[in-house]
Amino acid sequence: MDSLRELDLVEALKVGDEQAFATLVDRYHGSLVRVARMYVRDGATAEEVAQETWLAVLAGIDRFEARSSVKTWLFRILTNRAKTRGEREARSIPFSSISPDGDRPAAEADEPIELTPGTWRSWEGDPEERLLAGEARELILATIETLPPAQRATITLRDIEGLSAEEVCNVLEVSDTNQRVLLHRARSTVRRALERYLGETEND
Amino acid sequence: MNRLRCEELIGLVTDYFDDALSAEQRHGVEEHLAVCRGCKQHVAQMRVTIRAVQGLREESLPPPTREELLELFREWRRGELK
């Protein structure tokens, strides 16, 4: 999104322009709720966390500086709050399980290496169409929800919400390398789930 | 030059998509993909996976939420929110 326009929106917000607020809400609220939902138990709580995020934004708007983008700022507030809430619900393990040096993969590292080549089946044609038509939607959501929190956050922000790698690093405060490791593991897990799913439904 | 092994290639897929490989690595990946059908399929599956995940993005705001948020905003503007 053009960041220049977004800075105008911030300026307008500072002087109480409702239209500016509505524009930001329309642009981001749905994303905020979806991302929050990945941390907390239910939709109502996710909605609450997103609302709190807007209140925090309004409370802090005078201190907002153009150093980070509005989007990054919003998602950072959101993920911090959602994370805290999720931990309180004892659903998640702490985000700090990402190693402090930032470049080393977290504890979830030790996954078996994937299959040997040759057993990979082609998804071309029918399987691909089915997956892209949203047939496995619930499965994908459920799979993402079982991922370790840092992976869950990364795939949600990158692939569902469409943030850039750089934005995700800023939001989650992880290194570029770590971001890609987390994304890679998350996507690999989803791919395996889809592969199993296709294998099962084929035999029906 | 060392031939890239399949396991190595699989580990590089995300970096490859993100264009985060060195020129040499990238060359290695492309060379491998040109001759290895299994890896080529794996890469294709990863692309489908990403698009399927991207497909979860949708839904617009239900109007009550929007109205509620705008009401919060008005309260804030009136200085009623601390």
Side-chain angles (χ1 to χ4, degrees), chain A residues 13 16-18 21-22 25-26 29-31 33-34 47 50-51 54-55 58-59 61 113-124 127-128 131-137 140-141 144 155-156 158-162 165 176-177 179-181 183-188 190-195, chain B residues 3-21 25 32-33 35-82:
Chain A
L13 208 50
D17 181 339
E18 183 171 321
F21 185 70
V25 164
D26 289 339
H29 188 72
S31 286
V33 174
R34 273 196 303 272
E47 179 68 44
Q51 285 210 8
W54 289 112
L55 290 179
L58 292 176
I61 193 75
I113 297 262
E114 294 213 65
L115 314 167
T116 49
T119 60
W120 293 320
R121 320 257 304 269
S122 167
W123 286 1
E124 268 166 50
E128 174 166 350
L131 294 178
L132 297 182
E135 186 183 308
R137 192 186 169 80
I140 297 173
L141 269 177
I144 293 176
I155 195 170
T156 303
R158 280 287 313 264
D159 289 343
I160 306 183
E161 305 308 331
D176 188 42
T177 306
Q179 186 270 140
R180 256 178 289 108
V181 169
L183 181 63
H184 187 72
R185 296 215 171 102
R187 284 173 175 173
S188 299
V190 175
R191 190 202 64 80
R192 278 196 298 274
L194 292 177
E195 188 172 54
Chain B
R3 266 291 169 74
L4 203 61
R5 287 178 298 121
C6 295
E7 301 93 82
E8 291 171 318
L9 185 134
I10 297 317
L12 293 176
V13 173
T14 299
D15 295 29
Y16 176 61
F17 289 165
D18 267 0
D19 212 359
L21 296 176
Q25 280 176 314
H32 183 111
L33 288 178
V35 296
C36 179
R37 241 180 90 213
C39 284
K40 208 175 146 190
Q41 265 166 16
H42 180 85
V43 169
Q45 288 184 0
M46 284 295 268
R47 286 193 203 278
V48 173
T49 299
I50 293 164
R51 281 161 62 204
V53 174
Q54 285 168 343
L56 297 180
R57 180 183 202 180
E58 31 75 80
E59 88 202 89
S60 57
L61 264 194
T65 304
R66 188 176 194 274
E67 202 32 59
E68 236 174 89
L69 286 169
L70 293 181
E71 188 46 47
L72 276 179
F73 177 79
R74 288 173 208 131
E75 286 175 31
W76 170 76
R77 196 172 46 189
R78 291 194 297 267
E80 289 169 14
L81 287 179
K82 260 287 149 253

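Reminder, nothing fancy here: chain letters follow the sequence lines and each chain counts from 1.
Between B:Met46 and A:Arg187, some side-chain heavy-atom pair lies under the 4.5 Å cut-off. Looking at heavy atoms from C-beta onward, B:Phe17 lies out of side-chain contact with A:Leu183 at the 4.5 angstrom threshold. Between B:Thr49 and A:Trp123, the closest side-chain pair of non-hydrogen atoms falls below 4.5 Å. For the pair A:Ile144/B:Leu56, a side-chain contact is recorded, criterion being any heavy-atom separation below 4.5 Å from C-beta on.
The shortest heavy-atom contact between A:Ile160 and B:Arg57 is O-CD, 3.0 Å. Smallest separation of non-hydrogen atoms from A:Arg180 and B:Ala20: CZ-CB, 3.4 Å. Nearest heavy atom pair, residue B:Leu72 against residue A:Gln51, reads CD1-OE1, 3.5 Å. B:Ala52 and A:Leu131 get closest at one heavy-atom pair: CB-O, 4.2 Å. Nearest heavy atoms, A:Phe21 versus B:Leu69: CE2-O, 3.4 Å. Closest approach of B:Trp76 to A:Leu13, counting heavy atoms only: CH2-O, 3.6 Å.
With a threshold of 4.5 angstrom between heavy atoms, B:Asp18 approaches chain A through side-chain atoms but not through N, CA, C or O. With a 4.5 Å cut-off on non-hydrogen atoms, A:Leu194 touches chain B through its side chain but not through its backbone.
In this structure, B:Gln41 contributes its side chain and A:Glu124 its backbone to no donor-acceptor pair below 3.5 Å. The backbone N or O of A:Gly16 sits less than 3.5 Å from a side-chain atom of B:Arg77, completing a donor-acceptor pair.
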